[in-house]
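The block underneath contains the structure these notes are about, expressed in structure tokens.
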Amino acid sequence: MERIVPARTPTAPASARRWPLHGSAATRVIEQWAAGSLAPHTLMQRAGQAVARLARAWRPHARHILVVAGGGNNGGDGWLAAALLQQHVAGLPGARVQVWALGDTSRQPPDARWARAQALAAGVEVIGAPPAEAAQPDVVIDAVFGLGLSRRVQGSAVDAVHWLHTCAAPTLCVDLPSGLDADSGHWWVEAPASPPAPRLTLTLLTLKPGLFTGLGRACAGDAIWFDDLGVSPALAPDAWLTLPGGWPDVPALQRAHASHKGRRGDVLVLGGQLPGATGVGMTGAAILAGRAALRAGAGRVYVGLLDGGAPMPALDTGQPALMLRTAEAALASSLPEHAVVVAGCGGGPAMAALLPALLARAPRLVLDADALNALGPLSSGTALPEAWVQRRKAGWHTVLTPHPLEAARLLGCDSARVQADRLAAARTLAERLGATVALKGSGTVIAAPGTPPLVNLSGDGLLASAGTGDVLAGLIGARLAAADEATLASAAARADAVAQAVAAHGALTASWRGHWPPTATDLLL
Ligand SMILES: NC(=O)C1=CN([C@@H]2O[C@H](COP(=O)(O)OP(=O)(O)OC[C@H]3O[C@@H](n4cnc5c(N)ncnc54)[C@H](O)[C@@H]3O)[C@@H](O)[C@H]2O)[C@@H](O)CC1
């Protein structure tokens, strides 16, 4: 059994910086294969033991234990854990192990039926409703749904899931928090509030993508543990979970005594509309992206501001090393051909006019915010604009960094649809455009054509503030600028590079100890 969240970083070795993720279909295949080679009930026995062991380690003094068990094998894991915990606490003062049994027990699958028989033989108490408020358990085990949930919750389980999500007792979720979709991180009941009590999730056999993207992290609790039940999955993963680490490599930069700024790569940020007649300016967005690129080690960072009519600032007083100029001046130079271009951080509608030139000239291009809006819907079935076709032919690199609403605009759907299956949305965009896509949000998904997507593990709710997306775009720009062409040769390598920048971005809040939540500028101090 190992702890996945909170992640043990940044000291984790490179080999430990990714885990395979298997969705429900792949997990079923692995389960069937393993069950076929083991004695009957072995997997469930191991699952129940793992649950009971973690419950005891987490709440060693718990005497009143409540298992909420559904009618399938997830419930079976719960029944078996109840049996083992009953044996453990039997005879202790105040000991009480209860199972709130849901579903039709006459229709239980064989493993679950066997597990229930073990629990009844051990003397657990079966109840048909949650305990009264005055008799709150010391720990609750949520074993209502695991892999078997793939549609909206119905029947008596709705109330049980709601009770579990609002109960004040520490809760251990078996395999998945009940209500969560294993594949997508979609939540199949009323939108959840943050659970009021500590909770953790022990996922079994495989790590599921839904735990790490969408609502997965918000619902799984403070920690996510993993037990492979002694089975090594001989099946290619659906996605990879990636950890921070490895970039920027400050010690390597220190050791490069004979280096110079020209070797660190150049970044050109284009955007940051100056205020004009409308009085609306977005200069800060481009400055933040530029500062982030500089902070992450780019050799030279240029910021080309879009002319809104207001006078150009002479410099960024917070980071005078940034080289400010007008977007026009930047485009009149050879920077688009030589630097990594990060476009769209605060560009406003003017970005649309620049986009064709950037698509045609910039071999390494990061498209963010207003540059994505300028692309417009890329609905399936319609031919791609010629500029995209040419970029793909030339093997040029394009990275898109949409948040869910921007991704929805590009895909011609709404953001709820994107959020309902973030991995699919990112993959679709990447395949359509031949680009690397970082779909932002909890569990940012990085997808590139023909390779399994990556799900980023770092980051937390402190990143949900203005300007953090600009910082990410700048970091991705710096990461690409640091790479030579050979190391970006494959789609998987490009996805890895982008994932490193995403991971470094997520890690920015991990060490935040301030009384106030950080602003995007604070993250770069
Ligand atoms: N078979 C085994 O030995 C093992 C099973 N395991 C456990 O088994 C779980 C998968 O078990 P199952 O495939 O039985 O699935 P679940 O137990 O997750 O769910 C099936 C149950 O949910 C009910 N259900 C499904 N959708 C519903 C909805 N929308 N509204 C209301 N009720 C609904 C079904 O009627 C059934 O009672 C895993 O998540 C894991 O916890 C693992 O521990 C590995 C070993």
Side-chain angles (χ1 to χ4, degrees), residues 21-28 31 67-78 100-109 112 128-130 140-167 171-196 199 201 203-204 206-221 224 238-239 404-405 407-408 411-428 439 441-443 445 455:
L21 298 174
H22 291 92
S24 51
T27 303
R28 298 273 189 211
E31 182 186 312
V67 177
V68 188
N73 280 330
N74 190 250
D77 294 346
W100 173 9
L102 302 162
D104 181 353
T105 46
S106 68
R107 294 172 61 188
Q108 275 183 313
V140 172
I141 294 177
D142 163 9
V144 180
F145 298 121
L147 277 185
L149 185 68
S150 57
R151 59 190 162 86
R152 211 169 162 74
V153 180
Q154 288 168 340
S156 60
V158 174
D159 290 342
V161 171
H162 180 71
W163 185 88
L164 278 165
H165 218 80
T166 50
C167 88
T171 302
L172 191 168
C173 306
V174 178
D175 205 14
L176 293 156
S178 294
L180 190 73
D181 188 283
D183 296 334
S184 63
H186 179 69
W187 185 250
W188 285 113
V189 256
E190 290 308 307
S194 297
R199 73 169 26 206
T201 295
T203 195
L204 301 164
T206 61
L207 287 168
K208 287 91 188 162
L211 275 171
F212 301 100
T213 198
L215 287 169
R217 288 293 299 280
C219 296
I224 299 175
D238 295 316
L405 187 58
L411 289 164
C413 63
D414 60 25
S415 58
R417 181 105 181 259
V418 168
Q419 288 298 76
D421 197 343
R422 292 166 51 77
L423 282 116
R427 255 193 327 245
T428 305
L439 174 58
S442 179
V445 178
V455 179

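Considering only heavy atoms from C-beta on, L164 comes within 4.5 Å of V68 through its side chain. Between V153 and F145, the closest side-chain pair of non-hydrogen atoms falls below 4.5 Å. When side chains are defined from C-beta on, F212 counts as touching I224, because their heavy atoms get closer than 4.5 Å. Two residues are said to be in side-chain contact when any heavy atoms from C-beta on lie closer than 4.5 Å; H162 and V189 fail this criterion. With a 4.5 Å cut-off on side-chain heavy atoms, P177 and L211 count as touching. Side-chain contact between C219 and H165 is present, with at least one heavy-atom pair separated by less than 4.5 Å.
In summary, the aromatic rings of H186 and W188 are positioned with their centroids under 6.0 Å apart.
A side-chain donor-acceptor contact under 3.5 Å links R422 and T213. At a cut-off of 3.5 Å, with distance as the only test, a side-chain donor of S178 or D142 sits close to an acceptor on the other residue.
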Intermediate values then yes/no, side chain to side chain contact (heavy atoms under 4.5 Å, CB included), L172 and T201: CA-CA 6 Å; L172 191 168; T201 295; over 6 Å; no

Stepwise side-chain hydrogen bond (donor to acceptor under 3.5 Å, both in side chains) check, D181 with W187: CA-CA 6 Å; D181 188 283; W187 185 250; over 6 Å; no

Chi angles and distances behind the side chain to side chain contact (heavy atoms under 4.5 Å, CB included) call for V161, W163: CA-CA 5 Å; V161 171; W163 185 88; over 6 Å; no

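A pairwise comparison of heavy atoms in V418 and P404 identifies CG2-O, 3.9 Å as the closest pair. For the residue pair D183 and P209, the shortest heavy atom distance occurs at O-CB, 3.7 Å.
Remark: T27 OG1 to L147 CG distance equals 5.5 Å, nearest 0.5 Å. Here D421 contributes atom CG and R427 contributes atom CZ; the two are 7.0 Å apart, rounded to the nearest 0.5 Å.
Formation of a donor-acceptor pair under 3.5 Å by the D238 side chain with backbone atoms of G23 is found in this model. Side-chain atoms of R417 never come within 3.5 Å of backbone atoms of G412 as a donor-acceptor pair (strictly under, hydrogens ignored). A donor-acceptor contact shorter than 3.5 Å is absent between the side chain of N73 and the backbone of G75. Within the 3.5 Å criterion, the main-chain N or O of A420 finds a donor-acceptor partner in the side chain of S184. Side chain of N74 to backbone of V174: a donor-acceptor contact under 3.5 angstrom is found.
Every residue meeting the salt bridge (charged side-chain N to carboxylate O under 4.0 Å, His left out) condition with D175, not counting sequence neighbours, appears here in chain and number order: K208.
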